[in-house]
Amino acid sequence: MTAEARDVTGLLLSRIRDVPDYPKPGVLFKDITPLLADPAAFTALTDVLAGLCSAHGATKIVGLEARGFILAAPVAVRAGLGFIPVRKAGKLPGATLRQAYELEYGTAEIEVHAEDLAAGDRVMVIDDVLATGGTAEASIELIRRAGAEVAGVAVLMELGFLPGRARLEPALGGAPLTALITV
């Protein structure tokens, strides 16, 4: 890791607030709202993620509902790429592609507008946190079902004590997974 990368990582870490016992006792929640409120930190994060999109040849960016939207939209603007929201099922009008995935406590579904992705697109998936990997894995499946290629997955923070990376590796098919911070 370069000195510049260490400086950015340190800045990002310094702006993530630990909230004990939220949303339930025993959980240490990592709150990114102080990072978003700090223009220098948010700009540094946006720049790093836009650089990853460029390095991996992305032509479009997918943001995962909901905090992924907050990160991915400015990255798309900075990188000069289109932004595609992946939403919870039932939130998008018109024709969509839908993908179910497993949660710890059941199943959920996400969807994307069918016409927003096409063959030839190289799509970077951006989200705030990689935990169990279910939503990211489902988004990769949606991208491929639309005929597009996965350029990579980038997250601000990976919860290293959860199996998200192991779950995603087979779905990635060799595309890179980048976590700026691992906790």
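Remember, predicted model here, so these are calculated numbers, not experimental data.
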(message) When you compare the side chain of L117 with that of K60, does any pair of heavy atoms fall below 4.5 Å?
(response) yes
(request) Can you see which heavy atom on T59 is nearest to which on G120, and at what distance? (result) OG1-O, 4.3 Å
(message) Closer than 3.5 angstrom, by distance alone: can the side chain of R122 be matched with the main-chain N or O of G57 as a donor-acceptor pair?
(response) yes
(message) Is there a side-chain contact between I84 and V112 in this structure, where contact means two heavy atoms from C-beta onward sitting under 4.5 Å apart?
(response) yes
(message) Tell me if a side-chain donor or acceptor on D121 pairs with a main-chain N or O of A118 at a distance below 3.5 Å.
(response) yes
(message) A side-chain contact here means heavy atoms from C-beta on lying under 4.5 Å apart; do F42 and P74 qualify?
(response) yes
(message) If hydrophobic clusters are built by linking Ile, Leu, Val, Met, Phe, Trp and Tyr wherever their side-chain heavy atoms come under 4.5 Å apart, do I70 and L81 end up in the same one?
(response) yes
(message) Are the side chains of L130 and L177 in contact, using a 4.5 Å heavy-atom criterion?
(response) yes
(request) Hey, could you give me the CG/CZ distance between L97 and R144, rounded to the nearest 0.5 Å? (result) 14.5 Å
(message) Quick check: closest heavy atoms across H56 and P176, and the distance to 0.1 Å?
(response) CE1-CG, 3.4 Å
(message) Let me check something: do L162 and I32 share a hydrophobic cluster, defined by ILVMFWY side-chain heavy atoms less than 4.5 Å apart, either directly or through other members?
(response) yes
(request) Please confirm whether the backbone N or O of T33 pairs with a side-chain atom of R15, one donor and one acceptor, at under 3.5 Å? (result) no
(message) Hydrophobic clustering (ILVMFWY, side-chain heavy atoms < 4.5 Å, transitive) - are L13 and L49 grouped together?
(response) yes
(message) Could you walk me through whether D21 and L28 satisfy the side-chain contact (heavy atoms from CB on, under 4.5 Å) test, starting with their C-alpha distance in whole Å, then the side-chain angles of each, then the deciding distance to 0.1 Å, before giving a yes or no?
(response) CA-CA 6 Å; D21 299 320; L28 181 63; over 6 Å; no
(message) Are the side chains of R87 and F69 in contact, using a 4.5 Å heavy-atom criterion?
(response) yes
(message) Within this structure, what is the CG-CG distance for the pair D116 and L92, rounded to the nearest 0.5 Å?
(response) 8.5 Å
(request) Might you point out which heavy atoms bring R17 and P34 nearest each other, and give the distance in Å? (result) CB-CG, 3.9 Å
(message) Between the side chains of K30 and D18, is the shortest nitrogen-to-carboxylate-oxygen separation below 4.0 Å, so that they form an ion pair?
(response) yes
(request) Test L64 against V125 for side-chain contact (heavy atoms from CB on, under 4.5 Å), laying out the working first. (result) CA-CA 8 Å; L64 304 182; V125 176; 3.9 Å; yes
(message) Between F161 and I181, is there shared hydrophobic-cluster membership here, with clusters defined by ILVMFWY side-chain heavy atoms closer than 4.5 Å?
(response) yes
(request) Would you mind telling me which of E111, R145, E109 makes a side chain to side chain contact (heavy atoms under 4.5 Å, CB included) with Q99? (result) R145
(request) To the nearest 0.5 Å, tell me how far L35 CG sits from L11 CG. (result) 7.0 Å
(message) I'd like to check L36 versus L71 (side-chain heavy atoms, cut-off strictly below 4.5 Å). Are they in contact?
(response) yes
(request) Go through the steps to decide whether T132 and L159 satisfy the test side-chain contact (heavy atoms from CB on, under 4.5 Å), and finish with yes or no. (result) CA-CA 8 Å; T132 62; L159 304 181; over 6 Å; no
(request) Write down the atom of A175, the atom of V150, and the distance for their closest heavy-atom approach. (result) CB-O, 3.6 Å
(message) When you group the ILVMFWY residues by side-chain heavy-atom contacts below 4.5 Å and let the links chain together, are V77 and M124 in the same group?
(response) no
(message) Are the side chains of E65 and P85 in contact, using a 4.5 Å heavy-atom criterion?
(response) no
(request) Give the minimum heavy-atom separation between E137 and A171, together with the two atoms involved. (result) CG-CB, 4.1 Å
(message) Taking A136's backbone N and O only, do any of them form a donor-acceptor pair with S139's side chain (distance below 3.5 Å, no angle check)?
(response) yes
(message) If you define the side chain from C-beta out and look only at heavy atoms, does anything of I126 sit under 4.5 Å from L52?
(response) no
(request) State whether the side chain of T43 and the backbone N or O of A40 hold a donor-acceptor pair below 3.5 Å, judged by distance alone. (result) no
(request) For V75 and C53, work out which heavy atoms get closest and say how close. (result) CG1-SG, 3.9 Å
(request) Scan side-chain atoms only and decide if Y101 and T135 contain a donor-acceptor pair under the 3.5 Å cut-off. (result) yes
Hey, can you pull the donor-acceptor pairs under 3.5 Å for the side chains in residues 151-158, sequence neighbours left out?
| from | atom 1 | to | atom 2 | distance (Å) |
| --- | --- | --- | --- | --- |
| E158 | OE1 | R165 | NE | 3.2 |
| E158 | OE1 | R165 | NH2 | 2.8 |
| E158 | OE2 | R165 | NE | 3.2 |

(request) Count the heavy atoms belonging to other residues, nucleotides or ligands that lie under 6.0 Å from OH of Y22, then report whether that count exceeds 12. (result) no
(message) If I take atom NZ from residue K91 and atom CD1 from residue I110, how far apart are they, to the nearest 0.5 angstrom?
(response) 14.5 Å
(message) Let me confirm one number: the CG-CG distance from L45 to D38, rounded to the nearest 0.5 Å.
(response) 11.0 Å
